[in-house]
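Accompanying notes for the structure given below.
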Number of protein chains: 4
Amino acid sequence: MTDERTANDQSPWMPFENRRRARDEKREAVLRMAVQVFLEQGYHRATLNEVAERLNITKPALYNYFRSKDEILFECWALGQEQVDDLIAVINRSRQSGLGKLRALVHAYAETMATDFGASLVRFDPRDLKPHNAEKVRAAKRGIDLTFRRYIAEGIADGSIKPCDPKLAAFAIAGSLNWIGHWYQRGGSLTPDAIADEFAIRLTDGLARRSVKKASAEAAPAPRTRKPTKGENR
Amino acid sequence: MTDERTANDQSPWMPFENRRRARDEKREAVLRMAVQVFLEQGYHRATLNEVAERLNITKPALYNYFRSKDEILFECWALGQEQVDDLIAVINRSRQSGLGKLRALVHAYAETMATDFGASLVRFDPRDLKPHNAEKVRAAKRGIDLTFRRYIAEGIADGSIKPCDPKLAAFAIAGSLNWIGHWYQRGGSLTPDAIADEFAIRLTDGLARRSVKKASAEAAPAPRTRKPTKGENR
Amino acid sequence: MTDERTANDQSPWMPFENRRRARDEKREAVLRMAVQVFLEQGYHRATLNEVAERLNITKPALYNYFRSKDEILFECWALGQEQVDDLIAVINRSRQSGLGKLRALVHAYAETMATDFGASLVRFDPRDLKPHNAEKVRAAKRGIDLTFRRYIAEGIADGSIKPCDPKLAAFAIAGSLNWIGHWYQRGGSLTPDAIADEFAIRLTDGLARRSVKKASAEAAPAPRTRKPTKGENR
Amino acid sequence: MTDERTANDQSPWMPFENRRRARDEKREAVLRMAVQVFLEQGYHRATLNEVAERLNITKPALYNYFRSKDEILFECWALGQEQVDDLIAVINRSRQSGLGKLRALVHAYAETMATDFGASLVRFDPRDLKPHNAEKVRAAKRGIDLTFRRYIAEGIADGSIKPCDPKLAAFAIAGSLNWIGHWYQRGGSLTPDAIADEFAIRLTDGLARRSVKKASAEAAPAPRTRKPTKGENR
DNA sequence: AATGAATGAGCCTTCATTCAT
DNA sequence: TATGAATGAAGGCTCATTCAT
């Protein structure tokens with residue numbers, strides 16, 4: 001896999017092929033390959049040469065699309081951030097209790113962490129960026145954190161969540177989720193969806209005024225509201 | 001602050017001063033300064049020159065104590081790992097339920113994460129080490145993970161922990177804790193102890209067959225067995 | 001002299017000039033300059049900076065053509081070795097007595113020793129090479145030695161050379177020739193050709209069953225037996 | 001052998017032993033070890049640390065006896081040169097034909113080349129010395145060369161050697177001999193004496209007006225049928 | 001748009017040498 | 001005399017970035 005690479009699947013510069021696709025398509029292809037290489041080897045060990053070669057182009061060609069290595073890094077991050085922004089926007093528009101929103105966020109965020117661009121949100125180091133961009137990243141991180149806190153605070157207010165310190169609770173939950181970006185390996189025994197399901201329960205159950213099981217249990221019928229996570233109790 | 005540095009507090013090579021302290025003391029001083037610089041700037045951006053200068057010595061002098069930059073990195077990690085090993089050993093020797101051990105581990109591990117050497121366990125990248133050492137690191141990480149899982153499994157067996165998937169539960173808890181190493185800043189509003197207290201409850205409450213409060217509540221009087229965490233409800 | 005250098009004569013990177021010559025031409029130009037600098041200053045004292053500067057380029061530019069300093073050293077050697085291989089191949093194809101071949105080899109080898117690449121065969125130290133290449137060098141040296149011995153043995157067999165120990169005789173002759181690489185200075189009073197002529201006679205006359213002069217003078221039978229040298233006929 | 005080293009045989013700084021031997025003895029011990037290391041690894045690759053360690057002392061201790069690495073190199077050379085000077089002095093005082101002297105020189109020089117200090121005469125690079133010493137070396141080399149030429153010229157004058165160009169003949173002979181310093185390995189199949197014997201004949205036979213055998217044969221009584229033993233006439 | 005070639009900047013590492021003890 | 005510790009000097013190598021084509 002490392003040798004064949006996935007160049008054939010991803011590169012718009014197919015050798016001996018038409019090279020007329022749109023500029024943005026190529027730009028994105030660079031980002032997809034770059035994020036992969038950066039995650040695989042680490043930003044500093046990864047060279048633009050490696051990125052370029054896997055795309056069947058040469059290093060200077062990258063400079064047609066990006067001004068610098070750190071700009072590529074930033075754009076990778078930005079794509080991941082966009083996903084999170086969208087996902088938060090959707091949840092914000094939904095009508096749910098604080099706990100519901102929190103769970104939705106945990107689930108969606110967990111899934112995002114299992115993607116390359118999602119992982120780039122937590123695996124890349126803002127200090128590698130120009131101050132200008134580093135600040136954007138930090139602001140966005142703060143934004144996500146605040147979202148977690150807000151959902152928790154909402155939950156406390158609407159009674160769906162037990163009183164607690166939203167700040168630390170948010171840290172705990174976000175930490176768990178962010179860590180997924182560090183250990184998740186595509187092709188492992190756990191699917192992103194399974195992980196997301198499990199985390200959505202696990203991380204919020206302690207906060208819920210009524211735990212999932214109890215809630216459903218008390219609510220009489222509904223023997224099981226949640227499907228058993230693959231591998232549970234294994 | 002960058003200029004004054006904290007050299008005066010940490011360096012055994014006080015300029016124009018006695019230089020007779022023991023070799024091991026100096027070796028450790030190098031590590032303390034190195035881990036600080038590495039955490040502050042990131043391993044790749046940090047230069048040995050910077051480390052040396054802050055110690056009032058020159059770069060080659062470092063080579064009296066270490067063979068290479070990556071060996072320094074490894075030794076930093078090793079010091080952190082030692083802390084964790086010790087801490088696990090103590091807990092292993094204790095007579096507690098699985099849940100008790102888990103909470104003890106969470107608490108101690110959280111505190112460790114708030115130290116430089118502790119943070120180095122999760123902020124440094126094993127890929128920067130020589131394969132030889134990288135393997136040691138990976139093995140140790142596996143060891144910690146297994147410890148978390150073991151305590152959970154014990155807890156399930158002894159009834160102190162609700163049935164769950166020990167693997168994912170361990171990931172969730174360890175993730176939360178590891179993340180502390182990324183966000184904790186000395187001098188912030190939260191003390192390591194406060195964080196540890198909170199996390200020890202927060203991360204295990206969802207797992208406990210009986211939550212802290214409920215347990216104490218049901219246990220008749222004993223309105224509260226745990227001290228209010230500093231800053232709780234803040 | 002050090003300042004003017006001979007850059008103008010040898011460098012394809014003429015400053016402010018066309019820079020379009022072929023890559024191989026440049027690669028070779030690097031080798032020509034490198035062998036010169038290495039011989040002039042010795043491999044260890046010579047720096048790549050010096051080589052580059054004389055070529056009107058910068059040090060890293062050399063890495064476009066070679067992977068490391070020792071690879072350059074090896075390639076210099078290889079070019080000299082090629083010359084010798086060619087020269088041996090020609091002699092091997094010729095129809096001559098063993099003595100004839102030996103003389104031809106001595107002559108051609110002597111001339112080679114008076115060239116930069118030829119001298120590099122004996123002035124460079126294989127221990128400066130990577131084991132991989134060092135082994136190639138050693139093997140090639142053995143090959144040359146064996147060629148000398150073979151010609152001598154052939155000569156003994158065909159009667160053109162007096163019985164003697166081919167091994168030591170080869171050492172003696174090759175030593176004389178190799179030493180040329182150490183003392184020959186371009187621009188001295190002796191031309192390579194004159195040296196080669198003289199050595200071809202001098203080094204083989206003692207071996208010839210009939211010396212050059214005697215053979216032509218006496219032009220007669222005059223068989224002679226001499227006692228075999230210790231170790232001869234081994 | 002490399003591991004045990006020969007420290008125990010050569011070092012006056014035997015650990016846990018009396019350390020009171022004379023300064024000059026130590027100085028010489030350093031030189032004996034240094035020349036060995038320098039020959040074994042090459043002057044530049046060899047470090048003073050290595051030399052010191054093999055002597056069971058530390059690097060700075062060497063500076064009690066020598067001012068610099070290159071001074072050590074020079075002294076090694078000087079010791080070898082002394083041997084050659086002595087040997088030439090003896091031959092100069094002897095009453096022999098030019099050919100006789102030449103043969104004696106060849107024999108003795110060949111044997112010297114098989115010693116460490118002798119090899120240092122031809123394996124070390126004067127350019128590694130300070131100009132001051134380098135000049136001494138060059139002068140001495142010229143001296144040796146002139147001695148060869150002188151003996152040859154004497155031989156031509158006294159009729160023991162065929163007319164020839166003394167300069168080139170000297171180069172040829174000295175080259176052969178010098179090369180011994182490059183290929184001779186202690187413990188090989190050839191003893192220094194055997195090599196010297198063979199070279200004394202081989203290298204001069206071509207020059208002799210009458211070859212060894214012829215001379216003895218024609219000279220009727222054959223006062224000496226046996227080769228002159230090593231050091232004979234010395 | 002793409003490339004081959006080149007550069008500038010910088011860092012790790014080595015080692016002879018010095019210094020205080 | 002010997003040593004541990006430290007330094008200064010230097011060189012090889014890497015790589016992001018630029019330039020001319």
Encoded 5' to 3' (Watson-Crick or G-U under 3.5 Å; [ ] crossing; | other strand), DNA chain E becomes .||||||||||||||||||||
Using only side-chain N and O atoms of B:Tyr65, determine if any of them is under 4.0 Å from OP1 or OP2 of F:dA6. yes
Whole angstroms only, please: what is the CG-P distance between A:Asn64 and E:dA1? 6 Å
Measuring from atom CD of B:Glu75 to atom CG of B:Asp70, what distance do you get when rounded to the nearest 0.5 angstrom? 10.5 Å
Quick one: salt bridge (Lys or Arg N to Asp or Glu O under 4.0 Å) partners of A:Asp116, sequence neighbours excluded? A:Arg186
Answer yes or no: does a side-chain N or O of B:Arg23 lie under 4.0 Å from OP1 or OP2 of F:dG4? no
B:Leu62 CG to E:dT14 P, in whole Å, measures 13 Å
In whole angstroms, the gap separating C1' of F:dA5 from CD of B:Glu25 amounts to 15 Å
Take the protein atom CD of A:Glu53 and the nucleotide atom P of E:dA2, then report the distance between them rounded to whole Å. 16 Å
When you compare the side chain of B:Tyr65 with that of B:Leu31, does any pair of heavy atoms fall below 4.5 Å? no
Heavy-atom side-chain proximity of A:Phe38 to A:Leu73 below 4.5 angstrom: yes
Without decimals, in angstroms, what is the distance between A:Gln41 CD and F:dC15 P? 10 Å
Tabulated below should be each protein N or O lying under 3.5 Å from an N or O of nucleotides 10-13 of chain E; please produce it.
residue, atom, partner, partner atom, Å
E:dC12, OP1, B:Lys69, NZ, 3.1
E:dC12, OP2, B:Leu48, N, 3.3
E:dT13, OP2, B:Tyr63, OH, 2.6
E:dT13, OP2, B:Lys69, N, 2.9
E:dT13, O5', B:Tyr63, OH, 3.3

For the pair made of CD1 in C:Ile57 and P in E:dG4, what is the distance, rounded to whole Å? 18 Å
Would the distance check show the side chain of A:Lys136 and the main-chain N or O of A:Ala78 forming a donor-acceptor pair, the cut-off being under 3.5 Å? no
Shortest non-hydrogen pair, C:Lys130 vs C:Ser68, comes out as NZ-OG, 3.6 Å
Nearest-Å distance, NZ (D:Lys26) to C1' (F:dT1)? 7 Å
Got a second to check how far B:Glu71's CD is from B:Leu62's CG, nearest 0.5 Å? 11.5 Å
